Every structure is written in C-alpha cells, then in structure tokens.
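Below, chain A is the first sequence line, B the second, and so on; all start at residue 1. These numbers come from a predicted model, not from an experiment.
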Amino acid sequence: MTDQRFNPLAADQRWQKRWAESGVFEADDASEKPRSYVLEMFPYPSGRIHMGHVRNYTMGDVLARFRRMQGFEVLHPMGWDAFGMPAENAAMEKKVHPGDWTRANIKAMSAQLKKLGFAFDWSRELATCEPDYYGQEQALFIDMFENDLVYRKESAVNWDPVDMTVLANEQVIDGKGWRSGAPVEKRKLSQWFLKITDFAEDLLSGLDELKGWPEKVRVMQENWIGKSQGLQFHFALSDQQGEQETIEVFSTRPDTIFGASFVALSADHPLTQHLAADNEAIAAFAEECKAGGTTAAELETMAKKGFDTGLKVKHPMDPSWELPVFIANFVLMDYGTGAVFGVPAHDQRDLDFARKYMLPVTRVVAAEGEENTPIHDEAYAGPGKLVNSSLLDGMDVETAQKTVINKAESENWGKAQTTWRLRDWGVSRQRYWGTPIPIIHCEDCGPVPVPKDQLPVVLPEDIDFETPGNPLERHATWKHIDCPKCGKAATRETDTLDTFTNSSWYFLRFASQPDDKPFDPEVVKKWMPVTQYIGGIEHAILHLLYARFWTRALASIGQLEFQEPFESLFTQGMVTHETYKLGDGSWLSPEEVQKNGNDWITVEGGNPVKTGRIEKMSKSKKNVVDPDPIIEQYGADAVRFFMLSDSPPERDLPWSEAGIEGSWRFVQRLWRLFISVTENGDAPDNVDKALNRKLHQTIAGVASDIEDLSFNKAVAKIFELVNQIEKSDGSQDRNVAIKTLAYLVAPMVPHVAEEAWALLGEKDMIAKAAWPDVDESLLVEDEVTIAIQVRGKLRDTLIVAKGSDKQTLEDLALSSEKVQRTIDGAEIKKVIVVPDRLVNLVI
RNA sequence: GCGGACGUGGCGAAAUGGUAGACGCAGCAGACUUAAAAUCUGCUAUCCGAAAUGGGUGUGCGGGUUCGAGUCCCGCCGUCCGCACCA
C-alpha cells in the first residue's frame, strides 16, 4: 500500500541526489540540439538565501526545465558574485579573513539552493573571488588596456580620513563616513577608468534592438546615458582674465540666444577659481556653493544664489551687447562646460535667478497669439515662433536652432555638440577584497601591464584589518616587484577593480571556462547571447549597462562576434510581507506575533500589535521570512509552487502562511491523484472526451504560459485541469490524464513529479522526458456557448454547435424567451452576429 | 520638474474590443469523525427580492469612439518606481 501522503523530506533528497549523480542538467557544448541559455543573476554570498533568491531561481528553473523537455540543450548555470564590501566589514568586525567568510557563505548557500532542487549545471559553478576567475578578468583588463579602452586620471573621491579609504556616494551620509562618522573629505586620486563613453552612442542605439527587454529598463538606461544635442560656443570676455579670453557654454536651446540675459559659472569653474585666488568674497561664495547638499529634497528647497563677478561678456551675435557674468550655485561643473547662458523667459531656473537679481526677462519664443503675453513666474518651454530675435524672428524653434548652429560654425564661434550624462567608469577601489588591477608602476616606464604569463596577480592571504586603510597598500612584500619592461624595482597597483567588473562578463565564463584564457570564443558563440536573463529591477542601470559595455568592448577588439549579451530580460517583483509594530512603533518579526481572533497580539505577553504596510522583506522592518525552515517544513515543491502562484511574476508577491499551506495542500492533492492511478488500474475503457479535451487544452495553454513567463496563469490552468480530473469518473482516459499531468507539473514541482513517475512504473527520470504532444483536434470545441445581447447587454446564453451560421444564430437568438421579453415588441434595427461568440440585437 | 508603470470582490488575481471576476487564498454552511486535523460537497461582487436561467448597479473619476469598452482615445484623481538645478 502506497503512502497516502507525499513525504518531501525523503523524496526531495532522493531525487536531488539522482539528478546530481546522473549529470542530467549538465549542458553539452557539443550538442546538436537547438540551444537555450537561461540565466538568473548570480547572488552575492551574503550568508543566507532569501525569498527573493528563491523566487528568482524558481522562475528560471521552471523555464530551464521546460525548455529541456521541449528538446533544447539548456545551459542553466549558477555561481557567486563573491567580491565586495560585506566580506571586508565582516573581517573587521568578526576578525575573520574575507576569503574564509565568503567561502563559508558560498558553501552554506549552495547547500540551501540544492535543497530547492534547481536544475543547475553545477559543473560550471564559479566564484569571482577565486584566482581562476579574477585572473582571467585581469587578462581581459590588460586586453582593454592595450586597446586603449582603459586610462588613468586624477579624479575627486570621497575620502574617509579615519578609515583611510574611499567611500562610494551611497556610503556618505550627511557628509560623514557611514562607518567612522568622520567628516568626508574630497581628495584627488589617480584612478583607473574604462572608456564606456566611447560606446555611449552604441549603447543608446542598441537599446532599440532589445525587443525582449522591458520598456522600463530601456527607458531608464536611455535617461542614464542622457544624450543631449545642441550648440557649444564661447562668449568673449570684455576684459581678458589671466589666460581666459572666453567662456565656453553648452546649450540645447541655441534658438533662444537672443533671450540671454546673463552668463553663469559653476563654483568649480576654472575662471571662478582664478577669480577666487585674489578675491575673498568670491572664494567664500564658491565655498558656500559647494557646501550645499545634493539630495533631491535639498535641491528642491534650495534657493538660486549667485554672485556678480562684475565681468562682462560680448553677445556673439551682437558684439555691442554685453551680458553680466555670475557665479551661480545651480551650475554643475561636471556637465557640459560648467558654464551656461541664462534665458529667463524659457528656463525656470534662469527665471528664478533673474527675478532675484533683477535681470531682464525677454520672451523670444511664443505660441500663436502669445507674442505679447508677458512672462511672470513660469518660464515658457513649449513650441512656437521666434520673436524679439533679430534675424531669427518668425522661425520655428527647430529652424532657429539650425540657423544659429550654422552661423556659429561658419563664423567660428561655436559648433554643434552632443553632450552625454554618462561618465567614464571609474573602476579603482582602495580595497582588498576585489580583483587586483594587473598593473605595475615603474618610475621609468610608467604603468606597465603585468605580462599575461605572470597572471593571475593573486591577492595575498596574510593581511591584517587591524589598522584602517587598504591592506594591500601596507602589506610588507606584496606590492614590491621588478618592472617587467626594464627590470628596475617597481610597485604593483594596490587598487582593486570595482565589483561590477566581475559581473560584467561572468555569463561568458559560464558558457566556456578554459584554464588558459577567459573563454573560448567558438564555444561562447554557440551559447550566447543569453536567451533569457532574469533578475531584479535594482540592476536596471549599472550591472546591465556595464555588462552591455563589456560585451561591446570585447566585440570591438575582436573577441566576440555579437554586440548584446542578453536577448531577453525579465525583471521580477519582490517578495513582500506584512509588517508588525508595537504601540511604541518598534517593529516585530512574524515569529513574535500571533493571530487572536481578528486582531494580532504578541506571542509573549499578548500585547496588542498593529499590522503595518506590506513591504519588501528587510531586516530593519523585521518582516523577513527565512526560506530554510519553510523548506524543512513543507518541502521544496510547495515553496517553489508558492513562488509561481497567484501574483504575476513582474509584480510583488506577498508572502503568507496561508499561501504556503495552500501550496502544500496542492502538492498532496497531486500525490493523491497519482496514487489513484495505481488503485484504478482496471478502470473501464470508456472515452471521456470532455476530460481529454481539457487535458490537451491544458498542455497547450501551460506551454505557452511558461514560454511567456506567465507562471501564475499556467498554475491556474493546472488547477482547472486537476479540478476536472477529480470530478471525472474513473476511466483509462482519466489515468492517462493524471499521468500526463505529471509532465505538466514537472518543471514546477519536480520532486513529486519524479516520485509519481517512479510510482507509475517508469524507470528513468521525468527530468529527461519530453513535453507531451498536443492533439490539435481536441483543442477545438464542438459546442460553444454564445452570448445573446440586446443593445450590448447580456440577456441569455445558448449552447450551439460550433460553426453554426449567422442566420441560425440570429433565429435562435430571436426565439429566446428572455430576449423576446426584453425586446417587448420593439423593432429590431440591426443584428450583429459574431460566429461562435455572440448575437447582439439592436433595438 | 521630467520619464515610466499601475488602479478590477475581503485579499492575490483572470479576461485576442465580444458572457467581468476564471484560478487561488480567506470566509460561511454542510458531510465524514467520539473529537480534532486532513479530506469531501455547496455558497461567497453589490443592491432589490422568500426565490427565480428575475431585475438594477458595478473594473479610480468625467467625457468620447463603437452594435458592444476593464481593454481604444481625451481630460482629471490617486498609488508606486526611476531620474533630477543635466543647461
């Protein structure tokens, strides 16, 4: 007698072991089958898997298993984005080596992933913190260096004087280091940069080709790249200032040039600095500007402030017209030229500024009939014709722009210019736990790349985190090395690469990982681009842009034959959970509360609890549910099924106890159906056409839903089928339907599916089975329900033979008692008949 | 401010312009049971009605297109996300 309950504790392990031993999920580079590369963003080994990971990898797994069943050779790898700050923080706090900490986390997390039964090709597992990975990354860096895609320049960084380290912008809180609390200083350091701006145009235009990407992500990248076209030109200073004879400005609205009423410099502009050198008031004002915050809220409320330098510039199109030069707090040094000309009538900031400093406001663009409407508090940024603009008068905005640009170019005071928001990517980090930059600094030869036969440049193990600063910098011996070119004593670069470089090419290394080079282009070509990439929206810009850049950069130096790494991208929603609070506002974890009737109370003490919003699981809100005990209690299949049910995958999924229990019950329900086959072996041989039809509709429907990643819809269809099977009488058709059901659920709940397979006498694994064929003839109903409407309102439904002709339908509709009652003798003006759908009577 | 997404029962949600609310959760009633769990059956948008294959209303709000609108168009309101003194 078969156990009436499915026991995941035993079954999960049994099948996970068999999958691993058989190597069934290992991808074959040499396969002749069509290929599919399913990739989920690899995790940072923080120590524990969280529900977001579970959801992400479940989605990818269903797709990977499904594609395998459909006959694809599937590459579905897993690895670890293993460099990063948390390991160094752990080293400082817990006195463990970052490597030990990271490797222990990887071990723990891979065990957790394995318990979920994901169909990963573990033979390709990689960790970016191991020399066999980062050494190859160093080789790629050198290739880029030698192809002029890498350069070094002085750049301002946030410097924490206590921790003696560079901080990322996110690590600066209220101007202080997030760890030390010390006021952060701006420091100039020599930093390595990758020339992503060389690819700005390609990265932008390439977005149009990414049809399989969410519109949202493409728009975000487009904004980030930030292309603006306009005119860069100079104003001649009336009096030369030191070396400076002119002020260079950039504008996207050269058409408004006759509306100019001032020129404004950034506080960091060279001319400002020149003036500040012998003018204390200017120096003080420039300092004041820099002190201002840069958060959105601060900018919102910050008043426009300026300082009149007393200098004048000549208007390029009318040398007799002089404009005052201000230093202004709203002009950014790192965009455009660090100087602008102000057109108050057509730019809100300029207008605010002009009102404050009593500068002229001249309308130069006007919509029809608005020519004489004065500008008050709102600048006009809309379309129209030029006015008050000498030779431009009467032109539309676009023509005026072209005219001014042509004039500037022919008279040699400016040229058409494209400006990007995108900056080159600074990759230097003054940290230990990252890829060492494979450069040697020689006094005579300058920066020299480490010869490739000396790679990898391995991180030293014997380091200390007792004293602040970069351990590589103060290591006794590591950085001392002879110059590979001249042999003279030299030093290694002690900076390491930004961790985003690690994730910029890992998908290539998954596809091919030879010992002697980063990848084999021939093998990579077979798998790439990634067919379906799945991950969180938080990587919409940085990671996805950097990976696109690396792919294009490597293509530009002949290492790859494709331009885009990810054919389709899917950004999944977060896993959320209700939050709980005590009366005093402190957060409570789900374990600390329980339901008491309709209210919530604390487990200990029974104090009243307020339920808060449903939010992303986070430690601070204490609403995290750890997957491990849940898997322990309900088994991998129930957890996986929950992740797929109900919410569409791109939306947030609210975690609930009731939900996981529902999934558990469904797994048991499936199991009871499978058992019923063994008990109904001698069921009658009569045909259950309705059930067969439902079965084949479900096979087709589930397949297309999974293909669309609409897992919630696939789940709903499976429920419908299960409901119908349960209601149907025992028959051989019913047994076939149940056995077929095992294939349909196999990608989602693989353990119970394998168990069923064994129960039903199959010797091999369902993981190797093919997706069932659809009997197309069964997809077509022979009877359909048609709606009878009167003036678009439903009055009756009729069941008719499929394909009934219009006249028949019309006659049937008219003979309906309910329809007659509604019409009540009124004249029928029009009859709309949609065959197999509806009849609409218009009276 | 700019850009994007979204708004449907108590909740998560379905719905090629064609019967709104499939499917799941929760809830209610019943069966089985000494009892509970599990399981099974039925009901469950809302209003009127004892009930009806009775009727009215209903997809954020206001208009429009259409024989017919959750879906398309215009204008609002709201929520969420991203970017932001970007010249």
Side-chain angles (χ1 to χ4, degrees), chain A residues 4-5 214-224 226-228 230-231 249-254 256 264 266 292 294-296 298-300 302-304 328-332 334-343 346-350 352-353 381 419-421 537-538 540-541 614 641-642 645-648 650-654 656-663 665-666 668-669 672 710 712-723 726-727 785-798 816-818 821-822 829-834 836-843:
Chain A
Q4 289 295 311
R5 283 198 124 189
E215 174 71 15
K216 180 189 172 92
V217 175
R218 300 202 315 232
V219 168
M220 280 165 76
Q221 292 212 353
E222 191 182 319
N223 292 340
W224 187 263
K227 181 180 186 175
S228 323
L231 174 68
V249 297
F250 172 73
S251 172
T252 55
R253 293 293 304 274
T256 63
S266 157
T294 52
T295 66
E298 283 170 308
L299 292 174
E300 199 86 7
M302 200 195 302
K304 302 282 172 282
N329 66 342
F330 65 90
V331 182
L332 306 173
D334 59 3
Y335 186 81
T337 62
V340 297
F341 70 95
V343 183
H346 305 289
D347 181 291
Q348 193 59 45
R349 288 160 310 175
D350 296 348
D352 296 345
F353 191 82
T419 300
W420 304 88
R421 209 189 79 98
I537 186 71
E538 66 273 19
I541 296 172
I614 294 176
F641 197 74
F642 179 84
S645 307
D646 294 348
S647 288
E650 68 279 8
R651 263 187 244 177
D652 289 351
L653 171 69
S656 75
E657 198 70 21
I660 182 67
E661 278 176 9
S663 296
R665 282 199 301 270
F666 178 71
Q668 296 300 335
R669 227 171 126 193
R672 283 194 299 275
S710 297
N712 57 321
K713 292 189 216 167
V715 163
K717 289 192 174 82
I718 285 171
F719 267 110
E720 286 186 40
L721 176 62
V722 166
N723 288 343
E726 284 179 344
K727 286 188 170 65
T785 307
I786 63 163
I788 310 300
Q789 299 176 336
V790 178
R791 284 209 319 233
K793 276 193 178 287
L794 182 72
R795 292 298 161 186
D796 201 359
T797 59
L798 296 172
S816 158
E817 193 189 318
K818 281 184 231 166
R821 210 188 308 152
T822 312
K829 292 180 184 143
K830 198 172 175 185
V831 180
I832 313 279
V833 182
V834 183
D836 297 337
R837 273 284 179 190
L838 59 74
V839 178
N840 189 9
L841 305 167
V842 186
I843 56 172

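At a threshold of 4.0 Å, the pair A:R218-A:E215 counts as salt-bridged, since one of the basic side-chain nitrogens sits closer than that to a carboxylate oxygen.
Syn is the classification of B:G9, since its glycosidic angle stays within 90° of 0.
Taking a pair to require two hydrogen-bonding distances under 3.5 Å in either a Watson-Crick or a G-U wobble arrangement, B:C83 pairs with B:G1. Nucleotide B:U8 is matched to nothing when pairs are restricted to Watson-Crick or G-U wobble geometry with both distances under 3.5 angstrom. Base pairing of B:A14: no nucleotide in any strand meets the Watson-Crick or G-U wobble criterion (both distances under 3.5 Å). Across the strands present, B:A31 finds its partner in B:U39; the criterion is a Watson-Crick or G-U wobble pair with both atom distances under 3.5 angstrom. For B:G62, the paired nucleotide is B:C74, the pair qualifying as Watson-Crick or G-U wobble because both relevant distances are below 3.5 Å.
At the phosphate of B:A87, OP1 or OP2 sits under 4.0 Å from a side-chain N or O atom of A:S228. Listed pair A:R665 / B:A26 meets the phosphate criterion, a side-chain N or O lying under 4.0 Å from OP1 or OP2. Listed pair A:N723 / B:G24 meets the phosphate criterion, a side-chain N or O lying under 4.0 Å from OP1 or OP2.
Residue A:R218 is out of contact with every strand shown, counting any heavy-atom pair closer than 4.0 Å. Contact annotation for A:D350: no contact, since no heavy-atom pair falls under 4.0 Å across all strands. Residue A:T337 is classed as having no contact, given no heavy-atom separation below 4.0 Å to the nucleic acid. A:V331 comes within contact range of at least one nucleobase, with a heavy-atom separation under 4.0 Å.
No donor-acceptor contact under 3.5 Å links the side chain of A:K829 to the base of B:C67.
Going from atom CD of A:E222 over to atom C1' of B:C81 covers 17 Å, rounded to whole Å. Atom CH2 in A:W420 sits about 13 Å away from atom P in B:A87, given to the nearest Å. Taking atom NZ of A:K793 as the reference point, atom P of B:C67 lies 17 Å away to the nearest angstrom. Separating the CZ atom of A:R672 from the C1' atom of B:C40 is a distance of 10 Å, rounded to the nearest angstrom. Distance, A:K227 NZ to B:C2 P: 23 Å, rounded to whole Å. When the P atom of B:C83 is taken as reference, atom OH of A:Y335 falls 17 Å away, rounded to whole Å. One can place CZ of A:R669 at 13 Å from C1' of B:U41, the figure rounded to the nearest angstrom. Between A:E538 atom CD and B:G82 atom P the separation is 11 Å, expressed in whole Å.
With sequence neighbours left out, the side-chain hydrogen bond (donor to acceptor under 3.5 Å, both in side chains) criterion links A:E817 to no other residue. By the side-chain hydrogen bond (donor to acceptor under 3.5 Å, both in side chains) test, A:D347 is found to be paired with A:R349, residues two or more places apart in sequence or in another chain being considered.
The aromatic rings of A:F641 and A:F666 lie parallel to each other, with less than 30° between the two planes, well short of the 60° mark.
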Fill in the blank from the handout: B/S/- along nucleotides 4-18 of chain B (protein heavy atoms under 4.0 Å) is --------BSSSB-B
